[in-house]
S.K.: 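One structure is given below, represented as structure tokens, and several questions about it will come after.
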Amino acid sequence: MSSRATSSRATLWRALAAFAVVALSVLAALTTEPRLGLDLRGGTRIVLETRDSPTVKADSEATDRALEVLRQRVDALGVAEPSLARSGERRIVVELPGVQDPREAAEVIGRTAQLTFHPVTGMAGKAADGIAEDGSRTLPDPDAPGAFLRLGPTALSGGGVKDAEAAFDQQGAQGWTIALSFHDGAGKDWARITGEAACRPAGDPGRRVAIVLDDRIVSAPGMEQSVPCGAGITGGSAQITGGFDADEARDLAALVKGGALPVPVTTVEQSTVGPTLGADAIRASAMAAVIGLVCTGLFIIVVYRLLGALATVALGLYGLISYAAVVTLGATLTLPGLAGFVLAIGIAVDANVLVFERAREEYLRPGARRSDLRRPLRVGFSKAWSAVTDSHVTTLLAAGLLFVFATGPVKGFGVTLGIGVLASLVSAMLITRLLADWALERGSVRRRPSWTGITAKGRVRARLEARPPRLMRSRRRWLGICGGLLLVALAGIGVRGLDFGVEFTGGRLVQYSTAQTVDADTARQAVADAGFPRAVVQSSGDSDITVRTSELTDDEQREVRDALSEVGGETTVVRDDLIGPSLGDELRNHALIALGLAVAAQLVYLTVRFRWTFAAAAVAAMVQDVLLVVGLFAWLGKPVDSVFLAALMTVVGYSVNDTVVVLDRLRELRRAAPRAPWPDLADKAVAQTLPRTVNTGMGALFVLVALAVLGGDSLADFSVALLAGVLLGIASTVFTALPLAVSLQSRRPERPVKPRVRPTDRDRSGAVV
């Protein structure tokens with residue numbers, strides 16, 4: 001079979017695969033609704049942790065039973081599209097879209113709800129401390145303040161309740177009540193209890209039956225004269241009264257209907273996001289994505305002309321494929337997830353730029369045949385494959401570690417970043433290649449090769465050829481400068497310290513929006529006058545006030561809001577985050593583990609793919625970038641939270657991604673010239689890859705600047721971290737990784753290496769290309 005026939009068949013298969021991927025993506029995008037996280041659509045997220053009771057151990061089985069009880073309670077509350085899921089062995093994550101006041105929801109779903117029915121045996125002078133040996137107890141009388149009822153042992157438990165419903169007594173004067181219905185056996189017990197009470201004389205406390213919920217008498221109705229002695233109330237129904245309003249009656253009915261939790265639960269995390277903040281985040285991220293894509297596309301078109309235009313089309317399809325994959329897998333789109341989705345655009349650009357720069361090198365190579373424009377492109381795809389694979393794998397390692405060890409929104413960032421990386425691989429290596437092959441076969445393009453954009457050297461390449469860099473001659477100087485910057489960063493961490501967010505320290509962070517602009521000093525004084533002098537108060541934006549404290553109850557949060565209302569007019573809660581101290585410690589430990597494993601995973605992978613000296617240099621540059629970004633945030637006083645962790649893991653992936661491309665070229669040059677000095681090869685590798693580095697960096701910067709400018713406060717710190725990471729990643733490759741690799745390799749004797757020539761490096765005549 002001829003090579004032309006083989007090429008045509010390969011092109012046909014690529015076309016069929018690309019058509020199938022795009023068609024399925026369009027179908028998924030049009031038919032599947034995205035699953036938005038609460039930080040995008042507004043609502044409350046509560047994380048509950050089960051605790052051991054005196055009789056039941058809080059294992060996974062007990063947590064599952066508690067989850068089912070909570071599910072019934074949430075359904076009874078009438079929340080649209082609630083989400084409940086077990087996380088780990090003891091945690092339950094509850095998401096309540098549209099619920100802006102988490103206090104009532106948390107009280108309802110988190111209460112133990114032990115419902116019991118007791119006969120009243122008499123009056124008492126005071127409440128008893130605990131339950132007596134015979135099962136009796138004394139509790140306050142809800143109908144007579146200051147009085148106490150002596151209760152007999154439990155005669156009926158809440159497990160016998162079949163249904164509970166809030167009802168309004170339109171004929172009587174009871175107002176809102178809770179109508180109960182019992183199972184058959186429990187109905188007979190209820191008839192027996194009420195029958196015994198009806199036999200007591202009028203005015204005797206024994207004519208009452210106490211209904212107790214979580215050690216509190218919610219109702220103690222007395223038997224009317226119409227209730228027959230001995231027979232009691234038949235029909236398997238009862239009514240709880242107590243002067244409830246509509247919300248109290250519905251909440252109590254939800255508790256009773258859901259039943260008792262098998263084990264106690266405590267709230268370890270609580271987060272509330274207003275719908276306005278979510279809408280703003282979606283709008284800002286979408287605008288940043290559009291502007292970033294347009295600017296990146298225009299830049300690529302200017303640099304690579306026709307091939308750049310085709311790559312821009314492939315980038316648009318990349319966005320479609322990524323979105324379709326996210327909605328098909330049912331992944332939750334969060335605010336950091338959207339940022340990861342937008343950021344993956346830079347990775348997709350990088351793959352295209354790597355191919356185009358390789359094709360340009362092949363076209364401009366002395367002695368190359370320039371009559372066939374498709375040949376430089378085939379060589380470009382072939383030679384770029386190694387660097388593209390390594391850069392994608394290293395980024396996937398960071399995304400995978402985020403998915404495994406992170407929680408909440410940051411896990412969504414890992415998912416969307418991983419999907420974006422895989423989609424960029426399809427976009428660059430399949431769709432771009434298919435479109436380019438088709439375009440280069442056109443006669444009009446063959447007659448005008450300058451249209452392709454690979455026939456010109458470009459300004460960066462021309463300047464490098466006119467004045468080749470000699471950076472490695474001063475490698476000790478560069479390493480010294482980088483070491484100095486590292487010391488400055490470490491000094492910032494040691495002197496200023498890190499401002500850990502509530503995710504890592506525990507506490508509560510509430511963001512308020514005031515009707516009038518309030519400066520930070522005024523807001524700080526108002527919060528202090530309200531009784532919270534130690535609260536950290538910051539002003540963000542024109543009318544946003546952020547208050548952070550170690551402990552703050554729901555009632556105290558309302559007091560802070562009222563205090564701010566006095567100085568800023570009508571004040572609303574935009575965001576409310578509550579993290580328990582135990583969860584904060586756990587998240588901080590997981591963050592350190594994720595970073596440590598990221599470094600170890602990159603070192604192992606790069607050692608397998610490259611020399612250990614290259615791997616050590618790349619990991620050292622990556623650690624330097626991480627410390628520099630952390631130090632920058634320390635000096636600026638920026639908070640270190642879960643979103644910053646997502647940015648930091650992205651810096652890890654981007655730093656190694658950039659270094660891998662240059663090391664891949666250095667390895668290739670070493671194979672071609674095994675006796676050449678390492679410093680000369682490193683300078684040559686920098687010169688050959690610098691055009692790719694500049695073009696890729698510009699593509700990433702367009703997106704990140706758009707995020708920083710349009711993303712608002714919620715994305716500003718994220719964008720700052722990534723902007724610093726991108727710039728530091730480019731610099732560390734040239735001034736840290738390569739000088740360190742050359743220094744290590746120069747001190748390590750090695751055996752002579754024979755030049756390797758791959759089959760793809762020969763033309764049809766057998767000449768090496």
Side-chain angles (χ1 to χ4, degrees), residues 38 42-46 48 69-84 94-117 139-145 158 161-182 190 208-222 224 233 235-261 265 267 270 272 274-275 553-555 557-559 561-562 570 572-573 576:
L38 292 183
T44 296
R45 181 178 186 267
I46 302 173
L48 303 170
V69 173
L70 293 174
R71 196 183 306 279
Q72 295 184 47
R73 294 183 183 180
V74 171
D75 290 341
L77 288 175
V79 179
E81 298 182 4
S83 173
L84 291 91
V94 183
E95 293 186 348
L96 307 173
V99 175
Q100 298 301 312
D101 186 0
R103 183 179 61 173
E104 296 182 2
E107 289 179 353
V108 172
I109 65 176
R111 284 171 60 178
T112 310
Q114 296 287 351
L115 182 70
T116 54
F117 300 81
L139 295 174
D141 185 351
D143 298 329
V161 176
K162 181 180 180 180
D163 194 10
E165 184 177 357
F168 185 74
D169 185 6
Q170 297 181 354
Q171 297 180 352
Q174 301 294 341
W176 281 95
T177 63
I178 294 91
L180 304 179
S181 61
F182 298 99
W190 175 250
R208 302 172 69 180
V209 176
I211 303 174
V212 179
L213 181 68
D214 288 345
D215 298 327
R216 182 175 66 90
I217 300 177
V218 294
S219 181
E224 298 179 356
I233 300 176
S237 62
Q239 189 179 60
I240 301 177
T241 61
F244 308 117
D245 60 24
D247 292 334
E248 290 174 338
R250 279 193 288 265
D251 292 346
L252 183 56
L255 281 171
V256 175
K257 184 176 181 180
L261 289 171
V265 297
T267 300
Q270 178 179 304
T272 301
T553 65
D554 291 322
D555 291 335
Q557 186 266 112
R558 291 173 179 266
E559 294 178 11
R561 187 188 64 183
D562 294 340
E570 183 180 357
T572 58
V573 177
D576 187 352

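Fair warning: this is a prediction, and the values are worked out from it, not measured in the lab. Start at 1 with the first residue, then count along the sequence.
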S.K.: Only counting residues at least two apart or in another chain, list the ones meeting side-chain hydrogen bond (donor to acceptor under 3.5 Å, both in side chains) with Arg561.
M.R.: none
S.K.: Measuring from Gln557:CD to Asp562:CG, what's the distance to the nearest 0.5 Å?
M.R.: 9.0 Å
S.K.: Tell me, please, which residues at least two apart from Ala144 pass side-chain contact (heavy atoms from CB on, under 4.5 Å).
M.R.: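 So Ala144 forms a side-chain contact (heavy atoms from CB on, under 4.5 Å) with Asp141, Ala147.
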S.K.: Between the main-chain N or O of Pro221 and the side-chain N or O of Arg208, is there a donor-acceptor pair closer than 3.5 Å?
M.R.: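 Checked: no pair found.
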S.K.: List in chain and number order the residues that pass side-chain contact (heavy atoms from CB on, under 4.5 Å) with Ala246, two or more places apart in sequence or in another chain; answer none if no residue qualifies.
M.R.: Trp176, Arg250
S.K.: If the condition is side-chain contact (heavy atoms from CB on, under 4.5 Å), which residues does Ser237 pass it with, not counting sequence neighbours?
M.R.: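 Here no residue qualifies.
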S.K.: Would you check, one step at a time, whether the test side-chain contact (heavy atoms from CB on, under 4.5 Å) holds for Trp190 with Leu180?
M.R.: CA-CA 11 Å; Trp190 175 250; Leu180 304 179; over 6 Å; no
S.K.: Nearest heavy-atom pair of Ile178 and Ala164: which atoms, and what distance?
M.R.: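 Taking every non-hydrogen atom into account, CG2-CB, 4.2 Å.
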S.K.: Measuring from atom CD1 of Ile217 to atom OG1 of Thr116, what distance do you get when rounded to the nearest 0.5 angstrom?
M.R.: 9.5 Å
S.K.: Run the side-chain contact (heavy atoms from CB on, under 4.5 Å) test on Leu48 and Leu70 for me, step by step, so that the C-alpha distance in whole Å, both residues' side-chain angles and the decisive distance to 0.1 Å come before the verdict.
M.R.: CA-CA 10 Å; Leu48 303 170; Leu70 293 174; 3.7 Å; yes
